Amino acid sequence: MITLSINGTPIQASEGMTVLEAARQEGIEIPTLCYLKALGPFGVCRLCIVEANGPGLIHAILPSCNLKVFEGLVITTDSAVIHEIRRTMIELLLASTPLSESLRWLAIKFGVEASRFTPDKKDPCILCGLCVRVCRDRIGASALSFAGSDSNRHVVAEEIRIDKEACIGCGTCANICPVQAIKLEDMESDRKIVLYGKVASRFELVKCDICGNPHTTQEFIDSVVSRLNEEQKKGVRNLCPECARHYYAEAMTGHFTADVRGNR
Ligand code: SF4
Ligand code: FES
């Protein structure tokens with residue numbers, strides 16, 4: 001175990017943990033926008049900055065989401081300097097994305113009433129990379145990428161692009177985007193993935209086998225099924241979330257014995 005200090009309190013953390021994880025383990029709140037535990041750190045929004053002192057560090061301002069704990073590290077999460085930098089970061093982000101609920105909530109929390117800055121681009125994307133990473137690392141489709149990116153994406157990334165051929169229309173990118181730069185628009189059996197206000201891909205929704213409501217794309221079902229073994233494939237049902245909840249609850253309690261297609 002590693003001993004560090006956060007806001008004057010000695011903390012024990014496991015080797016390999018980040019300062020953000022160690023702080024959250026102790027119930028110490030640090031705001032984040034581009035971090036999700038399931039996807040790991042990315043280090044672009046800078047909202048999670050802390051002041052770090054200790055061996056090799058003097059008053060260093062660093063993102064806690066990718067700063068690993070080490071012996072003797074002294075962290076301050078809420079000094080006046082940190083507060084001021086965080087407020088400025090929120091203002092900068094708000095300038096390009098004034099309608100984002102996540103950002104407005106953070107602005108209220110940190111006492112930011114308005115942004116002093118003028119946006120330098122028209123779309124609301126803050127290039128947090130959550131959509132790119134979830135599509136690549138969790139969904140396995142890799143349909144989204146940074147346009148203009150190369151080995152040094154932080155310098156050259158300008159916007160997000162979508163590869164229509166690779167997109168399976170699952171909508172996870174829209175659900176994860178903190179500023180609604182990607183939206184999912186479902187109208188009866190028609191699904192649109194809208195990126196920066198333009199339709200980026202379009203799908204026909206398939207109907208739930210029980211209630212008949214259109215709920216997902218065939219491409220998404222095929223993608224999930226392709227990762228299952230033969231035994232697992234036998235248990236696959238095309239069900240909307242609501243019917244799936246009833247179906248599996250009934251199956252688990254033994255009240256359900258037959259294929260339910262159309263019989264509910
Ligand atoms: S589209 Fe949304 S999730 Fe993707 S990088 Fe931009 S802000 Fe982040
Ligand atoms: S959460 Fe750490 S930089 Fe965004």
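Ligands are counted one by one from 1 in listed order, and the atoms in each one are counted from 1 as well. For the single chain, residues carry numbers from 1 onward in sequence order. Predicted model, so just to flag it, every value in this text is computed and none were measured.
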Does Gln232 use its side chain to pair, donor to acceptor, with the backbone of Arg227 at less than 3.5 Å?
-> no
Closest approach of any protein heavy atom to atom 4 (Fe) of ligand 1, naming residue and atom | Cys131 SG, 2.2 Å
Identify, by atom number and element, the atoms of ligand 2 in contact range of Thr32, meaning under 4.0 Å from any of its heavy atoms.
-> 1 (S)
What is the closest protein heavy atom to atom 8 (Fe) of ligand 1, and at what distance does it sit?
-> Cys128 SG, 2.3 Å
Is a side-chain donor or acceptor of Arg191 paired with a backbone partner of Gly169 at a separation under 3.5 angstrom?
-> yes
Check ligand 1 against Ile160 and write out every atom of the ligand that is under 4.0 Å from a heavy-atom position of the residue.
-> 5 (S)
Nearest heavy-atom pair of Leu144 and Cys131: which atoms, and what distance?
-> CD1-O, 3.6 Å
Quick note on ligand 2: atoms under 4.0 Å from a heavy atom of Arg46 include exactly 3 (S), 4 (Fe)
Go through His215 and Asn238 one step at a time and tell me if the side chain to side chain donor-acceptor pair (under 3.5 Å) criterion holds.
-> CA-CA 9 Å; His215 71 107; Asn238 169 23; 2.7 Å; yes
Is there an N/O/S atom in Cys48 that lies less than 2.8 Å from atom 2 (Fe) of ligand 2?
-> yes
Atom indices of ligand 2 within 4.0 angstrom of Cys45 heavy atoms, with elements = 1 (S), 3 (S), 4 (Fe)
Identify the protein heavy atom lying closest to atom 6 (Fe) of ligand 1, giving its residue, its atom name and the separation to 0.1 Å.
-> Cys125 SG, 2.3 Å
Report yes or no: does Cys177 have an N/O/S atom closer than 2.8 Å to atom 6 (Fe) of ligand 1?
-> no
Out of Leu33, Val132, Ile182, indicate the one that has the non-hydrogen atom closest to atom 1 (S) of ligand 1.
-> Ile182
Could you tell me whether the side chain of Glu91 and the main chain of Arg116 form a donor-acceptor pair under 3.5 Å?
-> yes
Give the minimum heavy-atom separation between Pro98 and Arg104, together with the two atoms involved.
-> O-CD, 3.2 Å
Under a 4.0 Å N-O cut-off, is there an ion pair linking Arg24 with Glu21?
-> no
Atom indices of ligand 2 within 4.0 angstrom of Tyr35 heavy atoms, with elements = 1 (S)
Can a salt bridge be assigned to the pair Glu84 and Arg86 using a cut-off of 4.0 Å between side-chain N and carboxylate O?
-> no
Could you list the atoms of ligand 2 found under 4.0 angstrom from a heavy atom of Val44?
-> 3 (S)
Atoms of ligand 2 under 4.0 Å from any heavy atom of Cys65, numbered from 1 in the order shown, are 1 (S), 2 (Fe), 3 (S)
List every atom of ligand 1 that sits less than 4.0 Å from any heavy atom of Val179, numbering the atoms from 1 in the order shown and giving each element.
-> 7 (S)
Check ligand 1 against Gly129 and write out every atom of the ligand that is under 4.0 Å from a heavy-atom position of the residue.
-> 5 (S), 8 (Fe)
Please answer whether the main-chain N or O of Ser100 pairs with a side-chain N or O of Thr97 as donor and acceptor at a distance below 3.5 Å.
-> no
Salt-bridged, Asp209 to Arg237, with N to O below 4.0 Å?
-> no
